[in-house]
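First, the structure itself, so that you have it in front of you.
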Protein chains: 2
Amino acid sequence: MIKKYIENSNFEETGFYYTLSLISGKHKMIILYCLMEFEVVRFNELKRYLKKITDKTLSNNLKELEANHLIIRKEYPQIPPKVEYRLSDRGRSLMKVLDQLCVWGENNREE
Amino acid sequence: MIKKYIENSNFEETGFYYTLSLISGKHKMIILYCLMEFEVVRFNELKRYLKKITDKTLSNNLKELEANHLIIRKEYPQIPPKVEYRLSDRGRSLMKVLDQLCVWGENNREE
DNA sequence: CAGGATCCACAAGGATACTG
DNA sequence: CAGTATCCTTGTGGATCCTG
């Protein structure tokens, strides 16, 4: 079933490519893992976990994750602002699969 | 078990990060899928499947995959040269996991 | 606090030419 | 055929400053 995509040079249309596109970039996976572990997390909290990320990059990543419906953004209209992020059901189901990659990596690390 | 990595900002040491590092880049997955589907493939054959890849990029990707022991390179010392690539056992075991991502993508594609 | 705006550095990959 | 060598383009993310 993959073969026909390869022969047509349409790899970008495979489910695999699609899945990876959702988590492309350097930080998205860490964000997702943070949300998985800590459930509900605020912007600056995430920033601390990610350590070296800039506001702009974090902001962009969160927007893309939200656009792909992997996370849910909840804004409280107050001063100072407060925004919470959490996994959506869709995000959680993706994490289950990604966790398999984690397990494989643990078991197959070299040297 | 992931939590401690996050708290120490050592996400790069997780199995997940390791797994993804093996298939980083734009073409490695397509290469792996080609090898999975067609078993034994030669350099220029791969080039045709990948369509728009350059010699240099393909060459680099193959070298990295080989260095990570995901594929096996077999060279025939003859003129003209002939080199065959195929998946290693390790590569095949990784593909099983990656296929799960493919399935998830198929089932969770949006619109 | 949670970003937006702007400018910039760097590495991955493309283009092209060449070779054992 | 299966690459290597060299130069060049581009996108991702970093740095810095600003704001409701």
Side-chain angles (χ1 to χ4, degrees), chain A residues 9 11-12 17 19-35 38-68 70-87, chain B residues 9 11-12 17-18 20-35 38-68 70-87:
Chain A
S9 297
F11 190 75
E12 316 75 39
Y17 194 91
T19 305
L20 276 197
S21 76
L22 296 181
I23 56 166
S24 67
K26 201 172 164 183
H27 309 283
K28 281 189 192 157
M29 276 311 307
I30 315 185
I31 296 173
L32 291 175
Y33 265 110
C34 285
L35 295 186
F38 304 109
E39 307 268 334
V40 179
V41 187
R42 298 180 61 177
F43 190 88
N44 275 348
E45 219 174 325
L46 271 175
K47 212 171 124 180
R48 276 193 294 279
Y49 291 132
L50 292 169
K51 223 172 180 173
K52 305 202 79 179
I53 199 171
T54 61
D55 291 347
K56 174 193 137 194
T57 305
L58 178 54
S59 175
N60 284 346
N61 278 308
L62 288 170
K63 266 182 207 159
E64 291 174 30
L65 288 170
E66 195 198 359
N68 291 322
L70 295 174
I71 67 174
I72 294 170
R73 178 182 190 277
K74 188 171 180 185
E75 181 172 357
Y76 296 86
Q78 61 180 47
I79 305 286
K82 174 178 173 184
V83 181
E84 291 176 346
Y85 295 92
R86 74 192 70 206
L87 285 181
Chain B
S9 298
F11 190 75
E12 316 76 37
Y17 194 91
Y18 172 70
L20 275 197
S21 75
L22 296 182
I23 56 165
S24 66
K26 201 171 166 185
H27 308 283
K28 280 187 191 157
M29 277 311 308
I30 315 186
I31 296 172
L32 291 175
Y33 266 110
C34 285
L35 295 186
F38 304 107
E39 306 270 334
V40 179
V41 187
R42 299 182 61 179
F43 190 88
N44 274 348
E45 219 175 328
L46 272 173
K47 213 172 123 180
R48 277 192 294 280
Y49 289 133
L50 293 168
K51 223 170 178 175
K52 305 202 79 177
I53 199 171
T54 60
D55 291 347
K56 176 192 135 193
T57 305
L58 178 54
S59 174
N60 284 345
N61 279 308
L62 288 170
K63 267 182 205 158
E64 289 174 31
L65 288 169
E66 194 197 1
N68 290 321
L70 295 174
I71 67 174
I72 295 171
R73 178 183 191 276
K74 189 172 180 184
E75 182 172 356
Y76 297 84
Q78 60 180 50
I79 305 288
K82 174 176 172 184
V83 180
E84 291 177 347
Y85 295 93
R86 72 192 71 205
L87 285 181

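Below, chain A is the first sequence line, B the second, and so on; all start at residue 1. Atom set for the values below is all heavy atoms of this structure, side chains included, hydrogens, waters and symmetry mates excluded.
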Subject >> Rounded distance (Å) that lies between atom C1' of C:dA2 and atom CG of A:Leu50 >> reply: 15 Å
Original post:
Can you find a side chain N or O atom of A:Arg42 that sits less than 4.0 Å from OP1 or OP2 on C:dA2?
Top reply: yes
**OP:** Would you indicate what B:Tyr76 reaches in the nucleic acid, counting non-hydrogen atoms under 4.0 angstrom: base, sugar-phosphate, or nothing?
**Re:** nothing
Original post:
If you look at every heavy atom in B:Val41 and B:Cys34, which pair is closest and at what distance?
Top reply: CG2-O, 4.3 Å
**OP:** Measure from NZ on B:Lys47 to P on C:dA15 and round the result to the nearest Å.
**Re:** 11 Å
Original post:
Would you say a side-chain N or O of B:Tyr85 is under 4.0 Å from OP1 or OP2 of D:dG3?
Top reply: yes
Subject >> Inter-residue atom distance A:Asn44.CG - A:Asp55.CG, 0.5 Å rounding >> reply: 7.0 Å
Original post:
Hey, is the side chain of B:Thr57 poking within less than 4.0 Å of OP1 or OP2 on C:dG14, counting only N and O atoms?
Top reply: yes
Original post:
Does A:Lys26 place a side-chain N or O at less than 4.0 Å from the phosphate oxygens OP1/OP2 of D:dG14?
Top reply: yes
Subject >> Minimum-distance nucleotide to A:Asn44 side chain [options: D:dG14, D:dC1, C:dA2] >> reply: C:dA2
Original post:
Below 3.5 Å, does any donor atom in the side chain of B:Lys56 face an acceptor in the base of C:dG14, or the other way round?
Top reply: yes
**OP:** In whole angstrom, give the distance that lies between atom CD1 of B:Ile31 and atom P of C:dG13.
**Re:** 10 Å
Original post:
Crowded around B:Tyr18 OH? As in, over 12 foreign heavy atoms under 6.0 Å?
Top reply: yes
Original post:
At under 4.0 Å, does any side-chain N or O of B:Arg48 touch on OP1 or OP2 of D:dC1?
Top reply: no
**OP:** Nearest-nucleotide wise, let me know which of A:Ser59 and B:Gly25 is further upstream toward the 5' end of DNA chain C.
**Re:** A:Ser59
Subject >> Distance, nearest 0.5 Å, that separates CZ of B:Arg48 from CD of B:Glu45 >> reply: 6.0 Å
